[in-house]
Every structure is written in C-alpha cells, then in structure tokens.
Protein chains: 2
Amino acid sequence: MRKAKDIFEKYISDKKLKFTSQRNFILETFLKEEGHISTEELYKKVSQKYPSIGLATVYRTLKLLSECGLAHERQFGDGQTRYEHSYEHVHHDHLICTRCGKIVEFGNADIEKLQNDVARKNKFKIYAHKLELYGLCHECVNK
Amino acid sequence: MRKAKDIFEKYISDKKLKFTSQRNFILETFLKEEGHISTEELYKKVSQKYPSIGLATVYRTLKLLSECGLAHERQFGDGQTRYEHSYEHVHHDHLICTRCGKIVEFGNADIEKLQNDVARKNKFKIYAHKLELYGLCHECVNK
DNA sequence: GTGGATGCAAACGATTTGCAAGCAT
DNA sequence: ATGCTTGCAAATCGTTTGCATCCAC
C-alpha cells in the first residue's frame, strides 16, 4: 500500500497546488488519530505543537484530504462534521447508541457485497458509502 | 395503519402540548411531499398559503414530527438537514450521485436482515438506520 | 385563566471567505 | 517572479433561542 503522504503529495502536485509544512503537519496529526475527529478537535491537537496554525487551514486541509480519499466525512447528528482516515484501516460502519452516545464499529462483507449488487442494478459506480444503525446499546436498553 | 394526524395528535396530547393550526398545516404540507425536503423548502411551501407562519415554527414542528416518528432526518452532505416522511412509505435507502446530485431510492430486504444480525451480535436494539451509497450515476460516469 | 406556542429578531455554532502578507514552485 | 497558501477577522449559513404576545386547553 502506498504511503498516505505520497498519495497526498501526488494529489497536490497533480492539481498544481503546493505541499506546505502546515498541510504536512495536519496530515501527520490526522493519521495518528484512530477515531472520528472533528475539525475543531484536530485543530486543538495540531496547534499544541504548531501554535501559529489557523483553524481555517485545518478546515481547508481536511477538505483536500477528503477529496483525495484519505479522509472520510461522517455526520453523527451532533451538528459537527467528523473525519476518519482509511489509511491502514479496513472499512467499517457504525452502531450508534442514541442514549449514551456510544459508537461501535463493525464490518460486514456480506452487506458490502449486497450494496455492490444494488449499485450494479442501478448502474452506479460507487466509491463510498455510509451505513449507520441507530438504537440502544445493551446497557441503555435496561435502564 | 393509523392516520398520520392521529399519531401526531396523540403524541402532542401525551406530552401535554397543544395542537395548533400551524402544526396542523405544516404536517399536512409535509405529508404531500414525496421527496427529501429541507426546512427552508417546506417553509416556502407552507408560507405560500399561510404567510404569517415563521421559519422557527417550521423548525420546531419538524423536530416534533421527528420525535414522534413521522419524519426522518437525513443529511446528504449539502449542509442542510432534509426530512422525509415514512407515512405510507416503505423504508428505503439512497444512492447518491456526487456529480449531478441525483438521488435514487432503493430497498433491499437482505441488507436489512444482515443489519439486524449485526445488531443482535452487538446486543443493540435498533430502531433506525441510514444507508447511503455515494458514487457516479450512469450518465455522469460517461462524462 | 394559564401555560404552552408563535413570530420576530437577535444569538449561535460550524464553516467559509476576502484580504494582505508569506512561501513553494 | 508567480500564484497558491496562510492566518486573521469578518461574513455566511443553517439552526436555535429569548421574549412579548397570542391562543388552545
């Protein structure tokens, strides 16, 4: 698998953009995260080591990372866009407990296969999907 | 199946709220919609026949309709929350073309079954889900 | 009559944008 | 040298809220 940085650099040079130290550092910090991070949270982490960075730059960089497929946008209904990276991650979906907010990740190859069938039937070429199951987790059901 | 208005009225009286003409008219207008409507769009339709109505009331009423299960929130990534009603609708999911914005609805019982299996394994009690497939539709692939 | 509902405008939080200065190419 | 990028602050967008008035109960 190609290194995430290489993917990002290639995307940037293909688009005649520039690879800046800010973009590099935001990418590195983002890749260290394993969960679903909001722009604001990533900004806080980045600015601890790189205090001069601006929030707008984090927004702009996350958008670039989305465009080149290194980041995926998720909306869990709390009003903030969250991002997770797919680099060295297998794809997964989410079970969300609407009472305590717990999020459980799961992967299911059979569901993915059926999704592809649906796409084929409708002549869509799919490059991303989101599946979210909302409900109550074991602990919250019994409250 | 019970009438949507009855469901709404029961929910409202159970919560000791009041059934106003605004709430009634917003519900009626919403039920006529078959697609995914944003609050702003619904507000425009409602205010054509009921010009004194305020946008905030539409927001507040859609929230109530969500709570009682007559409306479902959807986020398609355009920054707006959209709503669709389940009344006399079978559940369906969405194929979204990220180039032209076309949205195709589909239903797939096998996927739903697998979702329930996943939920059971994780001891979740599911009451809602969202599945969105993002890609390019037939026309846009060939552009 | 009373407490919830309304319309309005102001407030809000997340995100975007305009701009002058800075830096990668 | 050119033009994309930056940080900042102001602007914007969708949504929420405070409040005086209104109305369903």
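Source: prediction; values computed, not measured. Below, chains carry the letters A, B, ... as their sequence lines are ordered, and counting in each starts from 1. What you see below is based on every heavy atom in this structure, not just the backbone, and it leaves out hydrogens, waters and symmetry mates.
Listed by chain and residue number, H91(A), D93(A), H129(A) satisfy the side-chain contact (heavy atoms from CB on, under 4.5 Å) test with E112(A) (two or more places apart in sequence, or in another chain). The side-chain contact (heavy atoms from CB on, under 4.5 Å) test applied to E105(A) returns H36(A), E84(A), H92(A), H94(A), not counting sequence neighbours. Considering only residues two or more places apart in sequence or on other chains, N122(B) meets the side-chain contact (heavy atoms from CB on, under 4.5 Å) condition with L95(A), V104(A), V118(B), F124(B).
The structure places NZ of K5(A) at 4.0 Å from CG of N24(A), a figure rounded to the nearest 0.5 Å. Rounding to the nearest 0.5 angstrom, the gap separating the CD1 atom in I37(A) from the OG1 atom in T29(A) is 8.5 Å.
Ring-plane geometry between F8(A) and F19(A) is classed as perpendicular, the angle between the planes exceeding 60 degrees on a 0 to 90 degree scale with a lower cut at 30.
First and last contacting nucleotides of DNA chain D toward chain A (any atom under 4.0 angstrom from a heavy atom, 5' to 3' order): dG3(D) to dC8(D).
For the pair Y59(B) OH and dC12(C) C1', the interatomic distance rounds to 13 Å; values are reported in whole Å. In this structure, CD1 of I26(B) is placed 12 Å from P of dA5(C), rounded to the nearest angstrom. Distance N24(B) CG to dT6(C) P: 11 Å, rounded to the nearest Å. R82(A) has its CZ atom 12 Å from the C1' atom of dA14(C), to the nearest Å.
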Checklist outcome for this item: Per-nt protein contacts along nucleotides 19-25 of chain C (heavy atom under 4.0 Å; B base, S backbone sugar-phosphate only, - none) come out as -----BS

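In this structure, S38(A) reaches neither bases nor backbone, as no heavy-atom distance under 4.0 Å exists between it and the strands shown. Residue-level contact check: K15(A) touches neither bases nor backbone, having no heavy atom under 4.0 Å from any strand.
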Checklist entry - Can you list the steps and then say if R120(B) with D117(B) is a salt bridge (charged side-chain N to carboxylate O under 4.0 Å, His left out)? => result CA-CA 5 Å; R120(B) 199 174 316 118; D117(B) 293 346; 3.5 Å; yes

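Around NZ of K102(A), the count of heavy atoms belonging to other residues, nucleotides or ligands within 6.0 Å exceeds 12.
Rotation axes derived from the C1' atoms of the five outermost pairs at either end of the helix from dG1(C)-dC25(D) to dT25(C)-dA1(D) lie 40° apart, to the nearest 10°.
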